[in-house]
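Along the sequence shown, residues are numbered consecutively beginning with 1.
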Amino acid sequence: MCALYQKAIDFPYVDENGVKRSKFVNLDMEEYKDAHFTLRLFKEVLSRPEFKNYSAGIVVQAYLPDAYEFQTELLDFAKARMADGGAPLKMRLVKGCNLEMETVISSLRGWPNPVRTSKTEVDANYLHILEWALLPENAKALHVGVASHNLFTIAYAYLLSRKLGSAEYMTFEMLEGMADHVWRAQSQLGNHVILYAPVVKDEHFLNAVSYLVRRMDENTAPDNFLTHSFNLKPGTDTWRFLQNQFEEAYKMKDVITHIPTRTQNRLHRYTPVPPADVMKNEPDTDFDLAQNQEWVRNIFAKWKKSPADSPEIIPLQIGAETVVCEKRHKYMDRCQDDEVCVCEMSQADAGQVMKILEIAEKDPAGWRKTTLQERHKIMYEAANRLGEMRGDLIGCMCAVTGKTVVEGDVEVSEGIDYARFYTTSMKQFAELPDVDIAPKGTILVISPWNFPCAILLVVLWQDVAGGKYCDSETGYCCRSCGMVVCQGILGCRCA
């Protein structure tokens with residue numbers, strides 16, 4: 001970003017009044033995951049002495065409940081910068097641009113949708129932010145770009161800016177070709193209008209077309225203004241519909257809340273999930289949140305060892321007994337060029353292996369006698385234990401296998417999901433009159449290097465849940481992932 005801003009300064013342009021100016025760069029972030037990071041980067045770079053007199057801009061998206069917080073942070077930064085003799089900044093206020101993607105990603109990752117629940121809420125938030133932005137003491141430090149094609153919103157911004165005396169700090173911003181009659185009318189009123197259009201090389205022309213098609217699709221949704229703007233006349237049913245939309249948003253603007261929907265905090269203790277007959281997937285970690293980034297730093301601090309540190313000794317489990325063997329395998333930290341030993345794992349000899357198999361065969365704990373309902377409770381408790389151990393499981397995977405935090409995190413989620421999945425689904429199978437369930441017996445799990453946590457747990461949970469599905473007429477077991485397909489109740493994830 002430093003290089004980009006410096007180029008904008010080094011290669012100025014001459015405006016319509018013959019004044020030489022630095023090129024203006026406006027940062028836009030389409031995805032919620034980029035919003036907080038981009039704002040932090042924007043502030044950090046523009047705090048450098050070489051950019052003290054350079055004006056730049058950033059977008060605030062009103063469809064995010066976080067937008068008010070963003071605006072507050074921006075205003076504080078812009079005012080402090082001007083008080084120190086720096087140039088003003090600019091906020092481009094938009095309603096939103098990535099609703100479908102945010103909805104899909106949230107669903108896949110088990111997170112709350114970060115956007116507001118209705119268009120009325122979005123419009124209300126837009127008006128709330130706009131009113132605060134146009135106060136003269138705010139607009140002077142943080143200029144305002146009103147990005148909208150909605151005639152009611154534009155008219156309100158026009159009238160309010162003149163009433164407050166902040167019109168000189170405001171511009172209207174629209175897409176080229178979307179509402180030409182509106183921007184022309186604004187120009188005739190003497191307002192500053194900026195038109196946006198994709199500019200690409202010939203070979204990238206399709207990218208420009210796809211951008212415009214996406215914008216057109218968003219702006220012509222059933223509730224959006226542009227859908228109803230053609231041949232729009234005062235007094236018609238369409239006019240009254242749009243007017244009512246604006247009035248409803250206006251009534252809501254001062255009472256709407258600004259609490260972000262995504263508040264996941266891995267620094268807090270894990271909240272146990274009680275046994276249920278309907279399985280819900282475990283949410284992955286939202287690494288875009290500051291508190292979860294701190295959680296990751298804590299994992300690194302705990303798991304990063306030095307050569308002087310003594311490695312942890314992992315004992316061998318033989319029934320209820322733990323034994324530290326003389327023969328041990330050393331696991332080196334793959335994140336530190338194999339220079340540090342993370343732990344030493346006890347290795348069983350032939351006699352110890354036979355003893356383990358003997359205990360498993362005799363089953364002194366009476367596992368074979370537990371009911372499905374008892375196993376269901378135990379498996380959910382196991383899932384909760386994994387949830388509590390997420391940080392250490394990730395730290396271990398990073399150190400021992402060289403996995404990244406993100407790769408390890410989804411493995412933990414998958415392991416938790418399977419702990420809940422098998423007995424939850426088994427309860428459905430148990431109700432079928434023509435399906436018998438029998439134990440598989442003792443099994444050996446050799447986990448592959450690339451899925452050290454998830455695949456081990458997938459096979460383990462399947463066996464612990466207690467199932468060999470033996471009626472070939474009603475079901476079969478997938479050889480790839482171990483999941484069962486039976487009478488349409490469940491589908492294999494490999495499909």
Side-chain angles (χ1 to χ4, degrees), residues 1-15 17 19-62 64-94 125-148 157 160-162 164-173 191-194 196 258 260 288-290 293:
M1 190 185 294
C2 291
L4 181 64
Y5 286 158
Q6 193 58 56
K7 290 292 184 183
I9 295 170
D10 294 341
F11 296 90
Y13 74 102
V14 178
D15 68 12
N17 299 317
V19 179
K20 185 180 289 188
R21 300 181 183 276
S22 298
K23 291 185 174 69
F24 183 83
V25 177
N26 193 81
L27 297 184
D28 200 348
M29 46 279 199
E30 293 193 348
E31 297 182 57
Y32 179 77
K33 71 180 184 66
D34 298 325
H36 295 85
F37 171 76
T38 305
L39 180 57
R40 292 199 304 270
L41 188 62
F42 179 77
K43 291 170 57 180
E44 182 175 338
V45 173
L46 288 175
S47 295
R48 296 192 174 197
E50 61 266 36
F51 300 122
K52 183 175 182 178
N53 297 316
Y54 176 69
S55 289
I58 191 169
V59 163
V60 169
Q61 297 168 301
L64 299 177
D66 315 54
Y68 181 76
E69 176 189 333
F70 291 163
Q71 183 188 23
T72 302
E73 192 172 339
L74 267 175
L75 271 171
D76 290 344
F77 177 66
K79 288 180 177 180
R81 175 183 162 96
M82 279 198 70
D84 193 38
L89 300 174
K90 183 178 180 180
M91 173 187 72
R92 181 170 184 253
L93 182 58
V94 304
N125 198 36
Y126 192 98
L127 295 176
H128 181 84
I129 293 172
L130 179 64
E131 288 186 357
W132 196 27
L134 288 177
L135 293 174
E137 63 271 23
N138 294 335
K140 186 176 181 180
L142 188 64
H143 296 181
V144 188
V146 181
S148 177
L160 184 62
S161 67
R162 273 150 182 75
L164 297 174
S166 54
E168 62 178 302
Y169 305 117
M170 182 185 69
T171 59
F172 289 101
E173 304 186 7
N191 296 320
H192 185 197
V193 179
I194 296 177
Y196 280 75
H258 303 283
D288 302 313
L289 303 180
Q293 293 168 12

Student: Output the distance between atom CD (Glu44) and atom CE (Met1), rounded to the nearest 0.5 Å.
Tutor: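 These two atoms lie 9.5 Å from each other.
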
Student: Can you name the residues that form a ring pair (Phe, Tyr, Trp, His ring centres under 6.0 Å) with His258, not counting sequence neighbours?
Tutor: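 By the ring pair (Phe, Tyr, Trp, His ring centres under 6.0 Å) rule, His258 matches Tyr68, His128.
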
Student: At their closest point, which heavy atom of Glu69 faces which heavy atom of Pro260, and how far apart are they?
Tutor: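 Answer, listing the atom of Glu69 first, then Pro260: OE1-CG, 4.1 Å.
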
Student: Strictly distance-based, threshold 3.5 Å: is any side-chain N or O of Asp28 a donor or acceptor partner for the main-chain N or O of Val59?
Tutor: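 Such a contact is absent between Asp28 side chain and Val59 backbone.
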
Student: Please report the shortest heavy-atom distance between Phe172 and Ala157, naming the atom on each side.
Tutor: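 Where Phe172 meets Ala157 most closely, the heavy atoms are CE2-CB, 4.0 Å.
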
Student: Of all residues at least two apart in sequence or in a different chain, which pass the side chain to side chain contact (heavy atoms under 4.5 Å, CB included) check with Asp76?
Tutor: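 Only Thr72 meet the side chain to side chain contact (heavy atoms under 4.5 Å, CB included) criterion with Asp76.
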
Student: Tell me every residue that passes salt bridge (charged side-chain N to carboxylate O under 4.0 Å, His left out) with Lys52, counting only those two or more places apart in sequence or in another chain.
Tutor: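 Asp84.
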
Student: Looking only at non-hydrogen atoms, find the nearest pair between Asn125 and Ala67 and report the distance.
Tutor: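 For Asn125 versus Ala67, the nearest heavy atoms are ND2-CB, 3.8 Å.
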
Student: Using a 3.5 Å distance criterion without hydrogens, assess whether the side chain of Gln71 forms a donor-acceptor pair with backbone atoms of Ile129.
Tutor: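 Yes; judged by distance alone, with no hydrogens or angles, the pair exists.
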
Student: Apply salt bridge (charged side-chain N to carboxylate O under 4.0 Å, His left out) to Lys33 and list each qualifying residue two or more places apart in sequence or on a separate chain.
Tutor: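 Result, salt bridge (charged side-chain N to carboxylate O under 4.0 Å, His left out) vs Lys33: none returned.
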
Student: Does Tyr32 have any side-chain hydrogen bond (donor to acceptor under 3.5 Å, both in side chains) partners at least two apart in sequence or in another chain, and if so, which?
Tutor: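 By the side-chain hydrogen bond (donor to acceptor under 3.5 Å, both in side chains) rule, Tyr32 matches Asp66.
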
Student: Applying side-chain hydrogen bond (donor to acceptor under 3.5 Å, both in side chains), can you list everything that pairs with Asp15, at least two apart in sequence or on another chain?
Tutor: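 Only Arg21 meet the side-chain hydrogen bond (donor to acceptor under 3.5 Å, both in side chains) criterion with Asp15.
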
Student: Answer yes or no: is there a side-chain heavy-atom contact under 4.5 Å between Tyr169 and Lys90?
Tutor: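 A side-chain contact under 4.5 Å is absent here.
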
Student: How close do Lys23 and Pro12 get, counting heavy atoms only, and between which atoms?
Tutor: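 Between these two residues, the closest heavy atoms are NZ-O, 3.6 Å.
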
Student: State the OG-CG distance between Ser166 and Leu160, to the nearest 0.5 angstrom.
Tutor: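 Result: 6.5 Å between the selected atoms.
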
Student: A side-chain contact here means heavy atoms from C-beta on lying under 4.5 Å apart; do Leu134 and Met170 qualify?
Tutor: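 When only atoms from C-beta onward are counted, Met170 and Leu134 do touch, with a gap below 4.5 Å.
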
Student: Is the shortest side-chain heavy-atom distance between Ile9 and Glu50 below 4.5 Å?
Tutor: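 Side-chain contact under 4.5 Å: no.
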
Student: At what distance, to the nearest 0.5 angstrom, does OH of Tyr54 lie from CG of Leu46?
Tutor: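 So the OH of Tyr54 and the CG of Leu46 are separated by 8.0 Å.
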
Student: Between Arg81 (side chain) and Ser47 (backbone), is there a donor-acceptor pair under 3.5 Å?
Tutor: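 Checking the backbone N and O of Ser47 against the side chain of Arg81, no donor-acceptor pair under 3.5 Å is found.
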
Student: According to side-chain hydrogen bond (donor to acceptor under 3.5 Å, both in side chains), who are the partners of Ser22, at least two apart in sequence or on a separate chain?
Tutor: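 Checked Ser22 against side-chain hydrogen bond (donor to acceptor under 3.5 Å, both in side chains); zero matches.
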
Student: Do Val144 and Trp132 have side chains that approach each other closer than 4.5 Å (heavy atoms only, starting at C-beta)?
Tutor: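 No, too far: nothing below the 4.5 Å cut-off.
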
Student: Any side-chain heavy atom of Phe37 sitting closer than 4.5 Å to one from Asp288?
Tutor: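 No; the side chains remain at least 4.5 Å from each other.
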
Student: Which atom pair, heavy atoms only, marks the closest approach of Ala78 to Ala141?
Tutor: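 Shortest heavy-atom separation between Ala78 and Ala141 comes out as CB-O, 3.6 Å.
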
Student: Identify the heavy atoms of Cys2 and Phe51 that sit nearest to each other, and give their distance.
Tutor: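 Looking at all heavy atoms of both residues, the closest pair is O-CZ, 3.4 Å.
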
Student: Any chance you could measure Ile58, atom CD1, to Leu142, atom CG, to the nearest 0.5 Å?
Tutor: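 Ile58 CD1 to Leu142 CG: 10.0 Å, rounded to 0.5 Å.
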
Student: Taking Ser55 for the side chain and Pro88 for the main chain, is one N or O donor matched with an acceptor at less than 3.5 Å?
Tutor: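 Indeed, once roles are kept as given, a pair shorter than 3.5 Å links the two residues.
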
Student: Run the salt bridge (charged side-chain N to carboxylate O under 4.0 Å, His left out) test against Glu131 and tell me which residues pass, sequence neighbours left out.
Tutor: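 Partners of Glu131 under the salt bridge (charged side-chain N to carboxylate O under 4.0 Å, His left out) test: Lys253.
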
Student: Determine, for Tyr196 and Arg92, whether the Lys NZ or Arg CZ falls below 6.0 Å from the six-membered ring centre while staying within 45 degrees of the axis.
Tutor: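 Yes.
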
Student: Any pair with a residue in residues 134-143 that passes salt bridge (charged side-chain N to carboxylate O under 4.0 Å, His left out), sequence neighbours left out, goes on the list, sorted by first then second residue, please.
Tutor: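 Passing the test, one end in residues 134-143: no pairs.
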
Student: Using salt bridge (charged side-chain N to carboxylate O under 4.0 Å, His left out) as the criterion, list what pairs up with Lys43, not counting sequence neighbours.
Tutor: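 If we apply the salt bridge (charged side-chain N to carboxylate O under 4.0 Å, His left out) test to Lys43, skipping adjacent residues, the hits are Glu73.
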
Student: Tell me, please, which residues at least two apart from Gln6 pass side-chain hydrogen bond (donor to acceptor under 3.5 Å, both in side chains).
Tutor: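 Here the qualifying residues are Asp10.
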
Student: Rounded to the nearest 0.5 Å, what separates atom CD1 in Ile194 from atom OG1 in Thr171?
Tutor: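 Answer for the CD1-OG1 pair, Ile194 versus Thr171, is 4.0 Å.
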
Student: Among all residues two or more places apart in sequence or in another chain, which pass the ring pair (Phe, Tyr, Trp, His ring centres under 6.0 Å) test with Phe42?
Tutor: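 Per chain and number, Phe42 pairs via ring pair (Phe, Tyr, Trp, His ring centres under 6.0 Å) with no residue.
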
